[in-house]
Amino acid sequence: MHYTAAQLKHPIFKIMQQAADELGVEAYAVGGFVRDLILERPSKDIDFVCVGSGIELATKAASIIDPKLHVSVFKNFGTAHFRWNDWDFEFVGARKESYQRDSRKPIVEEGTLEDDQNRRDFTINALAISMNAASYGKLVDPFNGVQDMEDKIIRTPLDPDITFSDDPLRMMRAIRFATQLGFTIHTDTLASIKKNAERISIISQERITDELNKIILARTPSIGFILLEETGLLKRILPEMQNLKGVENYEGKGHKDNFYHTLQVLDNITKTTNDLWLRWAAILHDIAKPPTKKFVPGEGWTFHGHEVLGSKWVPNIFRRLKLPLGNEMKFVRKMVYLHLRPIALTKEEISDSALRRLLFEAGDDIESLLMLCEADITSKNRDKVRRYLMKFEIVREKLKEVEEKDRVRNFQPPVSGELIMETFGIQPCKEVGIIKDEIKEAVLEGKIRNDYEEAYAMMLELGTKLGLQKKE
Ligand code: CTP
């Protein structure tokens, strides 16, 4: 890990030097930016701390850049912010109490740089780089954060019980950074999370869910979930997932541990998509296995209906976690509901009608569903996995053929309700629905083609059967 002042390439740094020296205050770049600079990770925002007024420093720096540049000032919190060329700059005065960007607590007491660093969450986040001319570019690293980066360790600068009691969300942040960076949480820090896990209950759901989503969006999300489980946080934030853990044995037969299976599906899908919601679908696809579990003699362990029950749980879980309840939730619910269907298709002779039905129900999400199902194949037997994946290719091909032929993916009945009413001279009534449904069924079953002529003929036939007469 190597740091030199030459890495400070952004023009803001020279501007900060001028602003700080003109005001005669100490100023530093701190926190996540410094960490990412040393780890060579990209960033688009920089936090500056000064021993004095953050607001004055921000105003000064902005006026050097452009007197018209808008500075947002949050007086109660003693912070200020401006955006310049797509970068975000945040300014704060050094403080004695805990630093949390999203805290609503006003600042109480001003402090020195050292006070400020003491009150940050992890050693790797407590580094500062001086902006003043006399010490420009100097790294201030009181807790050996650089060494911890080299050793890939997450640890708190102070006694972890103090750091976590300042802000219990930091327990989740520790796990999030461990997951994102592939670092290990120091034993004392980890022990403190286990001890204090219950305190997560005082944190707002929005902040918790934000961290959870960052874990899910990491390259290997299972790392985070294993830590969440091990520390006792998972059972508090997502008890349904905790309940997937464990294996029951009956007559010498065990089922697979659905917690680890789910994590493997999640890691698998992470290799093929960056989409947060498809990753959520992977997390929740088997969520209702525990209450549907049964041992059936001769058959073994079964989980009949877990996809139906699981999909019913999705809205409640989303509501509780304050995840969006619109299209994102509906997508996840649909994925959970349909996740067994493509795999069922690989087991039987594939009929065109089964393919058409799946296309009709999945609509434009068919590709996501197939990705989820492929990720769901987690057998240890490599041959078995290969065989399944090959069969899947066949399902994919056949789906394509049926879609090209019948265009049922975004199926609209070839005759509309209006046309039915118009043809028979009737008002909206249940017969209209019956005719529409039967035509839809006939198309999906392949009895008629998805085409106007054939559907029109069928409509006339059905109308006659129902005692309706074509209007002349
Ligand atoms: N911080 C803290 N305690 C918190 C939140 C933040 O001590 N609960 C401090 C850390 O020093 C952190 C800095 O504030 O580096 C900025 O916080 P934030 O922007 O939330 O996180 P980053 O560390 O920048 O990481 P990322 O951008 O990946 O969220």
Side-chain angles (χ1 to χ4, degrees), residues 28-50 54 74 77-81 83 86-105 107 111 113-129 139-146 148-149 153-183 185 189 192-193 196 199-200 202-219 221 224 233 276:
Y28 303 87
V30 284
F33 169 78
V34 181
R35 175 198 69 222
D36 289 341
L37 183 77
I38 297 174
L39 290 175
E40 295 178 15
R41 297 172 85 226
S43 50
K44 279 264 171 202
D45 52 70
I46 308 181
D47 291 349
F48 293 104
V49 149
C50 75
F74 309 93
F77 308 102
T79 64
H81 162 267
R83 248 182 111 76
D86 245 15
W87 281 70
D88 285 294
F89 304 104
E90 182 98 19
F91 301 79
V92 63
R95 42 183 72 178
K96 273 208 168 75
E97 80 278 19
S98 167
Y99 181 91
Q100 303 155 34
R101 190 203 282 290
D102 44 5
S103 160
R104 298 187 187 284
K105 279 181 275 170
I107 49 159
L113 175 69
E114 198 187 338
D115 293 328
D116 191 279
Q117 287 175 303
N118 275 331
R119 284 310 196 182
R120 286 178 181 265
D121 53 1
F122 306 113
T123 59
I124 62 166
N125 285 344
L127 297 151
I129 296 176
L139 190 68
V140 188
D141 179 13
F143 309 106
N144 294 321
V146 174
D148 280 349
M149 284 189 222
I153 284 181
I154 306 289
R155 92 168 94 199
T156 55
L158 306 180
D159 175 343
D161 286 351
I162 295 172
T163 302
F164 291 140
S165 109
D166 277 351
D167 177 14
L169 183 74
R170 289 170 168 173
M171 298 188 286
M172 290 212 51
R173 283 174 59 90
I175 293 174
R176 189 254 286 188
F177 285 119
T179 314
Q180 283 180 329
L181 304 174
F183 282 23
I185 301 177
T189 302
S192 172
I193 300 180
N196 294 299
R199 298 254 304 145
I200 199 70
I202 65 163
I203 298 298
S204 76
Q205 188 59 53
E206 287 82 352
R207 295 182 79 208
I208 294 175
T209 297
D210 232 33
E211 291 300 326
L212 193 59
N213 282 340
K214 284 183 182 170
I215 292 171
I216 295 170
L217 284 171
R219 201 156 31 161
L233 285 166
L276 176 64

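Numbering of ligands and ligand atoms starts at 1, following listing order.
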(request) Apply ring pair (Phe, Tyr, Trp, His ring centres under 6.0 Å) to F33 and list each qualifying residue two or more places apart in sequence or on a separate chain. (result) F13
(message) Applying side-chain contact (heavy atoms from CB on, under 4.5 Å), can you list everything that pairs with L276, at least two apart in sequence or on another chain?
(response) N213, I216, L217, W280
(message) Distance check, rounded to the nearest 0.5 Å: L181 atom CG versus M149 atom CE?
(response) 9.0 Å
(request) With rounding to the nearest 0.5 Å, note down the distance linking OG1 in T123 to CG in D141. (result) 8.0 Å
(request) Provide the number and element of each atom of ligand 1 under 4.0 Å from a heavy atom of R170. (result) 2 (C), 3 (N), 4 (C), 7 (O), 8 (N)
(message) As an exercise, identify every atom of ligand 1 less than 4.0 angstrom from a heavy atom of G31.
(response) 15 (O)
(request) Would you mind telling me if ligand 1 is within reach of the side chain of M171, the backbone, both or neither, using heavy atoms under 4.0 Å? (result) neither
(request) Report the part of D167 in contact with ligand 1, treating N, CA, C, O as backbone and CB onward as side chain, heavy atoms under 4.0 Å; options are side chain, backbone, both, neither. (result) side chain
Which residue from [options] reaches closest to [atom] through any of its heavy atoms?
atom	options	value
atom 6 (C) of ligand 1	R41, R173, R120, R35	R173
atom 16 (C) of ligand 1	D45, I46, D47	D47
atom 28 (O) of ligand 1	Q180, K214, R176, E211	R176

(request) Would you mind telling me which of R173, R119, R199, R120 makes a salt bridge (Lys or Arg N to Asp or Glu O under 4.0 Å) with D166? (result) R119
(request) Return a yes/no value for F177: is any of its N or O atoms, backbone included, closer than 3.5 angstrom to an N or O of ligand 1? (result) no
(request) Decide whether an N or O pair under 3.5 Å exists between N125 and ligand 1. (result) yes
(request) Run the contact test for F33 against ligand 1 with a 4.0 Å cut-off on heavy atoms, strictly below, and give the result. (result) no
(message) Do the side chains of D88 and R83 get close enough for a salt bridge, i.e. N-O under 4.0 angstrom?
(response) yes
